[in-house]
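Here's the structure we're looking at; comments come further down.
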Protein chains: 2
Amino acid sequence: MSCPCRPLCLVPKPGCTRPGTPLPRHRASGPALARQVMALPLFDGLDHEVLERLMGDSTALACDRRTLLFSAGAAADSFYIVLDGQVKLFALTPDGRESIVEVFTPVSSFGEAAMLSMGAFPLHAEIIEDATLIKVGRRAFINTLQSDRSVGYRMLASLCRWHQRLSSEIRHLKEQPPWQRVAEFLLALTDAREGTALVALPFNKEILASRVGIRRESLSRVLARLRDMGVRTEGNSVRIDDVDALRRHCTEAGQ
Amino acid sequence: MSCPCRPLCLVPKPGCTRPGTPLPRHRASGPALARQVMALPLFDGLDHEVLERLMGDSTALACDRRTLLFSAGAAADSFYIVLDGQVKLFALTPDGRESIVEVFTPVSSFGEAAMLSMGAFPLHAEIIEDATLIKVGRRAFINTLQSDRSVGYRMLASLCRWHQRLSSEIRHLKEQPPWQRVAEFLLALTDAREGTALVALPFNKEILASRVGIRRESLSRVLARLRDMGVRTEGNSVRIDDVDALRRHCTEAGQ
DNA sequence: CCGCCACCCTGACCAAAGTCAAGGGGCCGC
DNA sequence: GCGGCCCCTTGACTTTGGTCAGGGTGGCGG
């Protein structure tokens, strides 16, 4: 608790006396985590020190499963960054059933829109897997925004890039068959432009399936079919025999 | 040419002496156009006067089909708003074929990301249907951004809302069957919460189909099936017998 | 060792969307 | 009126993804 880098050790400093790891459940830690937070769409491209200052003004929360983070209608004076665990955003239907609108996994952020534009959260949020969150207050955020003229500009820029990614995903969902989406997902995991590549799936097949918009059974079948195109998968490691050939398969089949 | 509202008559002023319609190929004009431009994700929520000032510093371009607007690598010192016509963004593959990355139709904007972050366009842009564009320079944009502290904030907010729309569209594409997407599209066209509604399709079925990510034949079949749920379509006008019933159909079928 | 569980694969079946082909109706210029 | 075109619909057929059920493997605790 006497860690000099409060409230959050993005990059644990030498003098840190906090007992144990500061954020025990992290998949990433230290520099890797810092890199991830900095790669958040909202922060992508920001100076390290600006981010550090913002983090310094923010709070780290350790939340247990089944905690209600906030409910719909609550004042939205901050937004959240998911460092670890999972948070679901949901609405309650008139008849009492809940409808999950979105599930946030590390590392992502949510609630910016509510905070920035509406002032109140439109949905309920509940922790569905023990989580570590950063709560960023509106005041601190605006301070950051105004601390430097370029910050707002940078944020706009990074949101634009975010938008580009999202709309390209929409295009893919609309015009590509599932197997191509899977193939492109795999291709995106490697920097190799040709030859064979060995990549590790970042999460299990269930999540990968939902990521590309299909059921896990279909994913199995797709991976089976991709074997003919030189994609060998074993556990969560995948071997692409010929990156370029696979890439050409995708583009030419896509018309 | 002596129109007082240069370079663009968003809302033609009484004293306008410009001969004929200022932007002849517009589908929308006057207040309707202004509304559309103001609803651009980037500008959504901005004050009318701020927008007017920005437009005043910008240039309207009338471009002919097959014009190359810019090529990849060109300095990105402005971005564009498509008022009319169509623009395609494409890349050239090593073997000389072109791969279309995106097609922009009215009213939308492109190139913000390139302008804001990279400084150079990553793709080629070509007019594929006689177009009217607004070219917004970086300088003018930044001036707007700095003219008022709240502008940057507002733009961030509206981009966040934009993001929400996009990610909700992604969710829909992934977890809803086509007929539900069609139904929700129709429901989104009316404000009615119950009873019967009469809506007009904003574009032809071909485009509507691609909007929801299916072929036009499938759209026909979907609309045929929706007839059983009290959706009568004739030409581009659609009658929803019971808005609430249809909405319930959607949510309960979606689990 | 066993049972349990999480994760993954597979096969059989069904429903639904894509594809290909044909045709209807409205609009337009000749 | 006629032919052509555009937009849309329909039908027959194919392909593919969803669903359901079964089963395999590996880790873990009893």
Side-chain angles (χ1 to χ4, degrees), chain A residues 27 65 85-86 103 105 128-130 170-186 199-229 231-239 249-250 252-255, chain B residues 27 86 105 128-129 170-186 199-229 231-239 249-250 252-255:
Chain A
R27 294 170 196 183
R65 216 167 96 87
Q86 293 193 334
V103 174
T105 53
I128 56 177
E129 190 181 291
D130 288 357
I170 290 178
R171 269 206 326 282
H172 289 159
L173 284 170
K174 285 197 214 173
E175 34 197 66
Q176 285 188 333
W179 72 264
Q180 276 184 37
R181 299 203 296 271
V182 174
E184 299 218 326
F185 182 92
L186 295 179
V199 303
L201 298 179
F203 26 61
N204 71 25
K205 305 260 168 83
E206 173 89 49
I207 295 182
L208 172 54
S210 101
R211 194 61 188 51
V212 297
I214 55 177
R215 303 267 163 259
R216 62 175 183 288
E217 296 96 326
S218 297
L219 177 61
S220 279
R221 283 185 257 273
V222 165
L223 289 176
R225 269 209 293 158
L226 284 181
R227 266 192 276 280
D228 303 339
M229 306 203 231
V231 177
R232 235 140 286 274
T233 124
E234 188 170 323
N236 74 342
S237 76
V238 180
R239 208 179 96 96
H249 259 115
C250 282
E252 75 197 29
Q255 172 55 249
Chain B
R27 295 170 195 183
Q86 291 193 336
T105 54
I128 56 177
E129 191 181 290
I170 290 177
R171 269 205 326 282
H172 288 160
L173 284 170
K174 285 195 211 173
E175 37 198 62
Q176 286 190 331
W179 73 263
Q180 277 186 37
R181 298 202 297 270
V182 174
E184 298 218 326
F185 181 92
L186 296 178
V199 302
L201 299 180
F203 27 59
N204 70 28
K205 306 259 168 83
E206 173 88 48
I207 295 180
L208 172 54
S210 99
R211 194 66 187 47
V212 297
I214 56 178
R215 303 266 162 263
R216 65 174 183 289
E217 296 97 324
S218 298
L219 177 61
S220 278
R221 282 185 255 273
V222 164
L223 289 176
R225 269 207 295 159
L226 284 180
R227 264 192 277 281
D228 303 339
M229 305 203 231
V231 177
R232 236 140 285 274
T233 122
E234 189 170 320
N236 74 341
S237 77
V238 179
R239 208 180 95 98
H249 258 115
C250 282
E252 74 198 29
Q255 173 48 251

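Naming: A, B, ... by sequence-line order, numbering from 1 per chain. Side chains included, hydrogens not; waters and symmetry mates left out as well; all remaining heavy atoms used.
Counting to the nearest Å, the P atom of dC9(C) and the CZ atom of Arg225(A) are 15 Å from each other. Regarding Leu219(A), its CG atom lies at a distance of 10 Å from the C1' atom of dC8(C), rounded to whole Å. One atom, CH2 of Trp179(A), and another, C1' of dG18(C), lie 16 Å apart when rounded to the nearest Å. Residue Glu175(A) contributes atom CD, which lies 18 Å from atom P of dA17(C) at whole-angstrom precision. Put simply, CD1 on Ile207(B) is 9 Å from P on dC7(D), counting in whole angstrom units. In this entry the distance linking CG of Leu208(B) with P of dC8(D) reads 9 Å, nearest Å. Residue Glu234(B) contributes atom CD, which lies 13 Å from atom C1' of dC8(D) at whole-angstrom precision. We find that NZ of Lys174(B) is positioned 16 Å from P of dG17(D), with the value rounded to whole Å.
Pro177(B) comes within 4.0 angstrom of no nucleic acid atom, judged by non-hydrogen atoms across all strands.
For the pair Thr233(A)/Lys205(A), a side-chain contact is recorded, criterion being any heavy-atom separation below 4.5 Å from C-beta on. At least one side-chain heavy atom of Leu186(B) sits less than 4.5 Å from a side-chain heavy atom of Leu226(B).
Candidate nucleotides dT10(C), dT10(D), dG18(C) were compared by shortest atom distance to the side chain of Ile214(B), and dG18(C) ranks first. Taking every side-chain heavy atom of Asn204(A) into account, dC8(C) is the closest of dC8(C), dC20(C), dG17(D). Of the candidate nucleotides dG17(D), dG18(C), dT10(D), dG17(D) has the atom lying nearest to any side-chain atom of Ser218(A). For Arg216(B), whose side chain is taken as the heavy atoms from C-beta onward, the closest listed nucleotide among dT9(D), dC8(C), dT10(C) is dT9(D). Distances were taken from every side-chain heavy atom of Glu217(B) (C-beta onward) to each of dG18(C), dC20(C), dC8(D); the shortest belongs to dC20(C). Taking the side chain of Arg215(A) as heavy atoms from C-beta on, and the options dT9(D), dT19(D), dC9(C), the nearest nucleotide is dT19(D).
Side chain of Arg216(B) to backbone of Ala209(B): no donor-acceptor contact under 3.5 angstrom is found. Put simply, the side chain of Arg232(A) gets close to the backbone of Arg227(A): a donor and an acceptor are under 3.5 Å apart.
Arg221(B) contributes a side-chain N or O that forms a donor-acceptor pair with the base of dT19(C) under 3.5 Å.
Considering only side-chain N and O atoms, Lys205(A) lies nowhere under 4.0 angstrom from the phosphate OP1 or OP2 of dA6(C).
Here the straight-line distance linking atom NZ of Lys174(A) with atom CZ of Arg211(B) works out to 5.5 Å at 0.5 Å rounding.
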